Visitor: 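Structure in structure tokens, see below.
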Amino acid sequence: MTLYGVGLGPGEADLVTVRGKEVLEDCDVVYSPGRLSRTVALEHVDESKIGDLDFPMTRDEEKLRAAWKEAAAEIAPNARDGDVAFVTLGDPNVYSTFGHLRRTIDAFHPDVELEIIPGVSAVTAFATAMGVEIEAGAGLSLREAASGASPTGPDRMILFKVTDAPATHEGLADAGYDVTYGRRLFMEQGETIVTDDPEAIDERDYYTLAYAEKESLEVEQATATFLEDDESDGTDDVTANDRDSSGEPVADGGNRVTLERAEGCEGGDCEGHR
């Protein structure tokens, strides 16, 4: 009997992982902390399985702790008797409400078994939607930028909760960053916006992210040379020692290689190898 924290991904129902979908379908109750996560969950389970939880929109820590204790008290008995899920947009361990529930369950109901099912986080969804490549060896920092905050320092940052884009942009621009904004990316609810103009998204929206990169940042990838014009005939880099007696280039630099091909798969596109 287990409580599953299930990441639903960025918001589109078909971006829920296969395992996440299977867990939701198998659970007796699926708890949702908000309207958007409930909407996604309903694409995979019947409404009769949904258990709604109320969390106050407040910064009062006492009220928040009371709400999480109440939620844990609701969920724990069902998790002892069967399998239940608590769903959250993105990934349960990345800027997620599930962390509060997990700590509360650990404190007051330590006998409840917990398992986390990862989801597509806003970080990876954002990078994909924006066409941003976080290449090997790159440094990247995740920061919050609520209420106009402009965190600085790293060469690259992905900022969550950009609720005052103009104010955030001003601070980042002054610090030498190029900034691109994305709102409700891969979400079925609301309008998706991608822009480098902070005035275009000046209204408050919790689901706004930003990618900030230092203007002076230069990254040279080895494979970038493939995009450059090459005036050579393609043989300049092959030495005499790299050829066999017939004059053909040798793949391993020493011995001619015989390629073995499966019968009927010369083109590599047979049904059994797709």
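Remember, it's a predicted structure, so these values are computed and weren't measured experimentally. What you see below is based on every heavy atom in this structure, not just the backbone, and it leaves out hydrogens, waters and symmetry mates.
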Visitor: For residues Tyr31 and Phe86, establish whether the separation of their ring centroids is below 6.0 Å.
Guide: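 Not under 6.0 Å, so no.
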Visitor: Looking at Thr168 and Asp164, would you say the former's side chain and the latter's main chain have a donor-acceptor pair under 3.5 Å?
Guide: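 Yes: the side chain of Thr168 pairs with the backbone of Asp164.
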Visitor: Applying the 4.5 Å side-chain criterion to the ILVMFWY set and letting contacts propagate, would Leu3 and Ile117 be lumped into a single cluster?
Guide: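 No, Leu3 does not connect to Ile117 through the hydrophobic network.
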Visitor: Can a donor-acceptor pair be found, under 3.5 Å and without considering hydrogens, that links the side chain of Asp91 to the backbone of Gly119?
Guide: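 Side chain of Asp91 to backbone of Gly119: a pair is present.
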Visitor: Would you check, one step at a time, whether the test side chain to side chain donor-acceptor pair (under 3.5 Å) holds for Thr88 with Ser37?
Guide: CA-CA 6 Å; Thr88 179; Ser37 57; over 6 Å; no
Visitor: Can you hop from Leu209 to Phe186 via hydrophobic side chains spaced under 4.5 Å?
Guide: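 Shared cluster, yes.
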Visitor: Under a 3.5 Å threshold, yes or no: a donor from one side chain and an acceptor from the other, between His109 and Arg80?
Guide: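 Yes, side-chain donor-acceptor contact under 3.5 Å.
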Visitor: Would you say Glu215 has more than 12 foreign heavy atoms packed within less than 6.0 Å of its CD?
Guide: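 More than 12 within 6.0 Å, yes.
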Visitor: If the threshold is 4.0 Å, N to carboxylate O, is there a salt bridge linking Glu43 and Lys21?
Guide: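 Answer for the salt bridge query: no.
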Visitor: Would you give the length of the straight line joining atom OG1 of Thr195 to atom OH of Tyr181, rounded to the nearest 0.5 angstrom?
Guide: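 Result: 9.0 Å between the selected atoms.
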Visitor: State plainly whether the residues Arg184 and Asp205 are in salt-bridge range, i.e. N to O under 4.0 Å.
Guide: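 Looking at Asp205 together with Arg184, the answer is yes, because their closest N to O distance falls below 4.0 Å.
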Visitor: Is there side-chain contact between Leu53 and Ile75, with at least one heavy-atom pair below 4.5 Å?
Guide: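 Side chain of Leu53 against side chain of Ile75, heavy atoms only: contact under 4.5 Å found.
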Visitor: Between Lys161 and Arg143 (side chain of the first, backbone of the second, donor and acceptor by atom type, cut-off under 3.5 Å), is there such a pair?
Guide: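 No, Lys161 side chain to Arg143 backbone: no donor-acceptor pair under 3.5 Å.
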Visitor: Heavy atoms, side chains only, cut-off 4.5 Å: are Met130 and Tyr211 in contact?
Guide: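 No, side chains not in contact.
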Visitor: Keeping Thr163 on the side-chain end and Ser147 on the backbone end, is there a donor-acceptor pair under 3.5 Å?
Guide: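 Flag set: sc Thr163 to bb Ser147 pair under 3.5 Å.
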Visitor: Is any side-chain N of the basic residue among Arg19 and Glu22 closer than 4.0 Å to the acidic one's carboxylate O?
Guide: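 No salt bridge links Arg19 with Glu22.
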Visitor: Quick one: CG on Leu36 to CD on Glu188, what's the gap to the nearest 0.5 Å?
Guide: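 CD of Glu188 is found 10.5 Å from CG of Leu36.
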Visitor: Does the pair Ile105 and Arg102 meet the rule for a side chain to side chain contact (heavy atoms under 4.5 Å, CB included), with working shown?
Guide: CA-CA 5 Å; Ile105 289 286; Arg102 176 180 56 77; 5.9 Å; no
Visitor: Is the backbone of Ser150 close enough, under 3.5 Å, to the side chain of His169 for a donor and an acceptor to pair up by distance?
Guide: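 No; judged by distance alone, with no hydrogens or angles, the pair does not exist.
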Visitor: Nearest 0.5 angstrom please: Thr180 OG1 to Ile158 CD1, how far?
Guide: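 Nearest 0.5 Å value for the OG1-CD1 distance: 11.0 Å.
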Visitor: Specify the closest pair of heavy atoms between Ala145 and Pro151, including all atoms of both residues, with the distance to one decimal.
Guide: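 Shortest heavy-atom contact: CB-CD, 4.3 Å.
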Visitor: Side chain of Ser121, backbone of Gly90: donor and acceptor closer than 3.5 Å?
Guide: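 No: the side chain of Ser121 does not pair with the backbone of Gly90.
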Visitor: From Leu172 CG over to Asp178 CG, what is the distance, rounded to the nearest 0.5 angstrom?
Guide: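 One gets 10.5 Å once the value is rounded to the nearest 0.5 Å.
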Visitor: Could you tell me the separation between the CZ atom of Phe98 and the OH atom of Tyr4, rounded to the nearest 0.5 Å?
Guide: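 OH of Tyr4 is found 11.5 Å from CZ of Phe98.
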Visitor: State whether the number of non-hydrogen atoms from other residues, nucleotides or ligands found under 6.0 Å of Glu144 atom CD is greater than 12.
Guide: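 Counting neighbours around CD of Glu144, more than 12 heavy atoms of other residues, nucleotides or ligands fall under 6.0 Å, so yes.
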Visitor: Quick one: OH on Tyr207 to CG on Leu89, what's the gap to the nearest 0.5 Å?
Guide: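 If I round to the nearest 0.5 Å, the distance is 5.0 Å.
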Visitor: Test your reading of the model: is there a side-chain donor-acceptor pair from Asp83 to the backbone of Thr2, 3.5 Å cut-off?
Guide: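 Confirmed, Asp83 side chain pairs with Thr2 backbone.
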Visitor: Would you say Lys49's side chain and Glu25's backbone share a donor-acceptor pair under 3.5 angstrom?
Guide: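 Yes, because the side chain of Lys49 sits within donor-acceptor range (under 3.5 Å) of the backbone of Glu25.
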Visitor: I would like to know whether Arg38 and Glu47 meet salt bridge (Lys or Arg N to Asp or Glu O under 4.0 Å); could you show each step before the answer?
Guide: CA-CA 9 Å; Arg38 186 180 195 276; Glu47 189 169 7; 3.1 Å; yes
